[in-house]
Amino acid sequence: MKKPERNPLEISSGYDLIDTHCHLDMPGYENLQDVLESSVRAGVRRVISVGIDVASSRKAVEIAALFPNVFAAIGIHPHAAAAAGGEMYQTLAALLGTNKAKIVAYGEIGLDYAKKYAPRDMQLRVFRQQLRLAGELGLPVIIHDRDAHEDILDTLKKNKPYPAGGVMHCFSGDSEMARKVIDFGFYISIPGIVTFAKSETMQRVVRETPLAHIILESDGPFLAPVPYRGKINRPGYLVYTAGKIAELKKTSLQEVARQTTKNAEALFHLTATKTFH
């Protein structure tokens, strides 16, 4: 029998990594058991599967119920804003009641001015409505921001405070924006893009932002880090992102794992289970 491959950056300390943003319901993860077991071998022991509409949110909750180290986030992505409405919000709120222990965040929600699947005014309205709903549900928010920095910051400012906190998913701003986001009580989430040679702005943000304000994500099946760039991204590849951050901050991989795990546990109130079943 062929031995499972070991990641060359595998964490040998007692700390583990948390993939705070993955879409385990999407194509590429048909054999979830294998995906999750390989993640454990790479030191990625917990994963949050993130919804983008009612169907995927429901699926994320179903997956979380099957695996003790998988958690779920529910919400409506800006791409789906045109279809959003009161009935959807009620369904999502009701979904929380089905598994409060495993639903740890509301998102991903926000604005996307690159794809423009919905008009800006509609996206803004849905974003505001979901920020309020997340507050009512007592959940931290996962924010999607693509080519919409100014409106994201303005909307967050006008709708604060956020007692449950939040995170700017797949952070794409500069260091000044990172400071503003952190002032809201949010974390910034760093994806595999940080390993790309031309991602100078993100690398600068990592250098200038204290680890105490950073969490990690794969955004799988998208944005696989080097050396898997262009392939289906797996949660286990998060170790390459952590390794790059360690390099940029001139610290150890173990320290990156320790602090980012501590941050994710604090934001999402995650339990510390150690194995997938």
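What you see is a predicted model; the values in this text were computed from it and never measured.
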Side chains of [X] and [Y], heavy atoms from C-beta outward: is any pair under 4.5 Å?
X      : Y      : value
Ile182 : Arg179 : no
Leu153 : Val181 : yes
Arg45  : Val40  : yes
Val126 : Gln129 : yes
Arg132 : Asn159 : yes
Lys102 : Val61  : no
Gln130 : Tyr89  : yes
Ser172 : His149 : yes

Side-chain donor/acceptor of [X] to backbone N/O of [Y], under 3.5 Å:
X      : Y      : answer
Gln203 : Ala197 : no
Asp154 : Glu150 : no
Gln123 : Asp112 : yes
His21  : Asp219 : no
Ser39  : Gly236 : yes
Ser38  : Val35  : yes
Glu108 : Ile52  : no

What heavy-atom pair brings [X] and [Y] nearest, and what distance separates the two atoms?
X      : Y      : value
Ala60  : Ser49  : CB-O, 3.5 Å
Leu238 : Ser218 : CD1-N, 3.7 Å
Ser189 : Thr20  : OG-OG1, 3.8 Å
Ala114 : Asp147 : CB-OD2, 3.4 Å
Asn263 : Ile214 : ND2-O, 2.8 Å
Leu137 : Ala93  : CD2-CB, 4.1 Å

Interatomic spacing from [atom1] in [X] to [atom2] in [Y] - rounded to 0.5 Å:
X      : Y      : atom1 : atom2 : result
Lys157 : Asp183 : NZ    : CG    : 11.0 Å
Ile190 : Ile245 : CD1   : CD1   : 5.5 Å
Thr155 : Asp145 : OG1   : CG    : 10.0 Å
Asp53  : Ile74  : CG    : CD1   : 12.0 Å
Phe184 : Ile152 : CZ    : CD1   : 10.0 Å
Phe268 : Ile48  : CZ    : CD1   : 4.0 Å

Step-by-step side chain to side chain contact (heavy atoms under 4.5 Å, CB included) determination, Arg204 to Thr201: CA-CA 5 Å; Arg204 187 178 306 113; Thr201 298; 4.1 Å; yes
request  = Decide salt bridge (charged side-chain N to carboxylate O under 4.0 Å, His left out) for Lys244 and Glu247; before the verdict, give the C-alpha distance in whole Å, the side-chain angles of both, and the deciding distance to 0.1 Å.
outcome  = CA-CA 5 Å; Lys244 184 63 177 182; Glu247 174 192 323; 3.1 Å; yes
Report task. Quick one: do Leu131 and Ile143 satisfy side chain to side chain contact (heavy atoms under 4.5 Å, CB included)? Show the steps, please. Result -> CA-CA 10 Å; Leu131 286 173; Ile143 307 297; 4.2 Å; yes
ask   = Hey, is CD on Glu87 packed in by over 12 heavy atoms from elsewhere, all under 6.0 Å?
value =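 No, not enclosed.
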message: Tell me whether the rings of His213 and Tyr187 are parallel (<30°), tilted (30 to 60°) or perpendicular (>60°).
response: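 Geometry flag for Tyr187 against His213: tilted rings.
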Q.
I'd like to know if Glu255 and Arg258 make a salt bridge, using a cut-off of under 4.0 Å between side-chain N and carboxylate O.
A.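 Yes, this pair counts.
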Q. Does Arg234 pair with Asp34 as a salt bridge, N-O distance under 4.0 Å?
A. yes
Does Arg46 make a cation-pi contact with Phe71, if we ask for NZ or CZ under 6.0 Å from the ring centre and within 45° of the axis? no
(Q) Applying side chain to side chain contact (heavy atoms under 4.5 Å, CB included) to Thr260 and Leu211, what does each step give before you reach the verdict? (A) CA-CA 7 Å; Thr260 59; Leu211 271 178; 4.3 Å; yes
For a side chain to side chain contact (heavy atoms under 4.5 Å, CB included) check, start with the C-alpha distance between Ile109 and His144, then their side-chain angles and the critical distance, and finish with the verdict. CA-CA 6 Å; Ile109 62 175; His144 174 102; over 6 Å; no
Would you say Met202 ends up clustered with Phe222 if hydrophobic residues are merged whenever their side chains have heavy atoms under 4.5 Å apart, either directly or through other cluster members?
yes
Quiz item: Do Leu24 and Leu66 share a hydrophobic cluster (ILVMFWY, side-chain heavy atoms under 4.5 Å, transitive)?
Solution: yes
Requested in this report: For Glu265 and Lys262, run salt bridge (charged side-chain N to carboxylate O under 4.0 Å, His left out): C-alpha distance rounded to whole Å, both residues' side-chain angles, the deciding distance at 0.1 Å, then the answer.
Outcome: CA-CA 5 Å; Glu265 287 176 337; Lys262 178 181 177 182; over 6 Å; no
Under the salt bridge (charged side-chain N to carboxylate O under 4.0 Å, His left out) criterion, do Asp25 and Arg58 qualify, and how do the steps go? CA-CA 10 Å; Asp25 63 301; Arg58 185 177 286 115; over 6 Å; no
